[in-house]
Each structure stands twice: as C-alpha cells, then as structure tokens.
Amino acid sequence: MNILITGAFGNIGLSTLQALVGRGHQVRCFDLPTRANQKLALAHAKGLQVLWGDVRQFQAVQAAVQDQDLVIHLAAIIPELSHTGHHSETDTELSHAVNVGGMRNLVHAVKGMAQPARIIFTSSLSVYGRTQQLLPPRDTTNAVNPVGHYALQKVMAEQILRASGLDWAVLRLAAAVPVKLVFDRAMFLIPPHNRIEFVHTRDVGIALANAVDKAGLWRQVWHIGGGARCQTTYGQMQAQVMALLGQAPLPETVFSKVDYSVDWLDTTASQALLQYQQRTFDDYVQELQMLLGKKLFWIRLLRPLVRQAMLLRSALP
C-alpha cells in the first residue's frame, strides 16, 4: 500500500514511521523543510520517500497525494510543546490555516485523484471541552464542546472530512506527550485534580499502523488512549516525574484552577480492533530516565535550583 504521512517528523509522525517499518508498505513523508525536520529525516526516513512542503499550499498537497492509497493526516499546530515553534492559541491565523485550511486542501486534492485515497485523521480528546464535572469516561457519541482555538479547529477539520464523501476515519487521541523533559508553562495549565488519560506516543503509532488495512475502521470516530492502566490524575503523573527528578510534588497553588480539556476515554472498541495498548505511564517514566542518563545525577544533585527553575515557568503570578 502507498501511504502518505503528513507531519511525518512530529511526535506522532515519528512513532507512526517506526511502527510501519517492515510491513511492506511504500511510505511517503510530507513535512516542512526545517533544519530540525531534515535532521530527523536523515535519522528516521532511510528507504522512505521524503517530500518537503506545506499543507497550506494546495499544489504541494496535490503533489504529495499523487499515487497514494491512504493518507495519515497528522500535520497540525498544537497548543503547547509544538516542535514547530508556534502555538495554536497565540498564532491563531497560522494555526487555522494549517489545522483547518490544511484539511480543506487535503480533501480537495484527494477528491481530484482518479482513485481517491482514504484519509485517517488524528483529532483530539480536547474537542469535548471541560468535562471534569461529568462521570467518566468520554464516549465517541458524546457531544463536542470545544474550548480554545485548537479544539475548535479540530472540530472544524473533522466536519470537513465527514462532509467530503471520501472514506475517512477520525482518531481522537488522549494525552500523547513526547518522551522528553521539558520545563514549560504548559506543565502548569492543568489542575492536579483533573482526570487525564495517558497514551504512549509509540502506542499511537502502533494504532495508526494497524489501522491502515482494517476494513471496519472507516467513516467512524475512534478514541485512542492508554486504557484503564493509564487513567489517572494530572497530579499523579506530575508526582511520578518529580520523583524521578528527586523532587517532591510541586504545590497545587502554582497550577491553574480552571479545568483543562482532558478526561478518561472509552477505548474498548479501538483496542478490540487495533490491539495497540502496550505501555503505561510507568514505561514513559522509565524511558525518560534512560533518555536523561547521566544528566539525572546533576538534576538530582541540583534539585533546589531545578525546582526554582520549574516554578519560574508557572503561568500564575
């Protein structure tokens, strides 16, 4: 099968590339020609076709979809921790052009093909809005109630895809954070008491790789989360990472008091079809420990300074 991945060198894109290796598919990578992406392409795209371009440019998208059987559409500007250097909630015109305009371009390009490709689109659990007052878990039949530009843009992109007449599948992802240590204001935006479901980025990659040839996938919405073992609170997740760094949990006073658009998901159907739930947040912490390596000794030794550095990133006064 000829498979195009947009946003191929982002967090989920790299996991998907790794999961597709050895499955006999012809994979084409489409992403921005940034220095970081070019470096990642050299490391991860050996034997794959790489096509540089921008989803905002129709002709570039049209060239990318040519001769493809399936498109895994990952390209997006996200709210925080984006490898693009832009954020959906501040760079609103850019994020709309990428997140919504990019979908319009993709649908238009695919509909112009002699044999239109199928499209798998990664959306987000954030489309449900603030749901902490409701009984969990969220189900794919729940109404969307987006809060913020990113969630609204995901809803709009889903609507464009649904109305396209093409074969499509929407995968709404739980919290799939990259495996890296980041001191950023984003870590303070979620109240510690909020329910949150983690899903390992590599498990998302497996879900997408397993989805490409599943007959029962199409014209449906699916939840992709870590499952019951990954349903926790943000405070518990934060405490595990802090313990790895030799730190006590940060005080609740430095976190936002406004509920964030996270929750637990019903992933029964997606797991039955895609068989992807392999890792937990414990695995994530272990991988983070391996990634930090010898740096962890100094992080623990200098923990008062490290703690001060983290607290200085708080979004609260």
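Everything numeric in this text was worked out from a predicted model, so none of it was measured.
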_Working note: Q132 + H193, criterion side chain to side chain donor-acceptor pair (under 3.5 Å); need CA distance, chi angles, decisive distance, verdict._
CA-CA 9 Å; Q132 296 296 313; H193 69 270; 5.7 Å; no
Name each donor-acceptor pair under 3.5 Å that joins a side chain in residues 227-234 to protein atoms two or more places apart or in another chain, with its distance.
from: Q231; atom 1: NE2; to: E197; atom 2: OE1; distance (Å): 3.1
from: Q231; atom 1: NE2; to: L265; atom 2: O; distance (Å): 3.2
from: T232; atom 1: OG1; to: Q236; atom 2: OE1; distance (Å): 2.4
from: T233; atom 1: OG1; to: Q236; atom 2: N; distance (Å): 3.2
from: T233; atom 1: OG1; to: Q236; atom 2: OE1; distance (Å): 3.4
from: Y234; atom 1: OH; to: M187; atom 2: O; distance (Å): 2.5

Just so I know, are the side chains of [X] and [Y] near enough to count as touching, which here means a heavy-atom distance under 4.5 Å?
X: N105; Y: V55; answer: no
X: F198; Y: V177; answer: yes
X: M242; Y: L250; answer: yes

Checking [X] now: which residues fulfil ring pair (Phe, Tyr, Trp, His ring centres under 6.0 Å) with it, not counting sequence neighbours?
X: W52; answer: F9
X: Y150; answer: none
X: H108; answer: F58

Discussion item. Less than 4.0 angstrom from a charged side-chain N to a carboxylate O is my criterion; do D167 and R118 meet it?
Written reply: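 Between R118 and D167 there is a salt bridge, with a charged N closer than 4.0 Å to a carboxylate O.
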ask   = Is it true that D263 and R195 have a side-chain N and a carboxylate O under 4.0 angstrom from each other?
value = yes
Show me the donor-acceptor pairs within less than 3.5 Å that the side chains of residues 59-79 make with the rest of the protein, sequence neighbours left out.
from: Q68; atom 1: OE1; to: I3; atom 2: N; distance (Å): 3.3
from: Q68; atom 1: OE1; to: L4; atom 2: N; distance (Å): 3.3
from: Q68; atom 1: NE2; to: Q66; atom 2: O; distance (Å): 3.4
from: D69; atom 1: OD2; to: N2; atom 2: N; distance (Å): 2.8
from: H73; atom 1: ND1; to: T6; atom 2: OG1; distance (Å): 2.7

State, without any angle test, whether [X] and [Y] hold a side-chain donor-acceptor pair at a distance under 3.5 Å.
X: Q277; Y: T267; value: yes
X: T201; Y: Y284; value: no
X: D259; Y: Q133; value: no

Residues at least two apart in sequence or cross-chain that pass side chain to side chain contact (heavy atoms under 4.5 Å, CB included) with A209, listed by chain then number, are A19, L20, R23
**Report entry** CA sep, side-chain torsions, deciding dist, call: Q247, R307, side chain to side chain donor-acceptor pair (under 3.5 Å)
**Finding:** CA-CA 8 Å; Q247 300 274 354; R307 190 176 188 85; 3.1 Å; yes
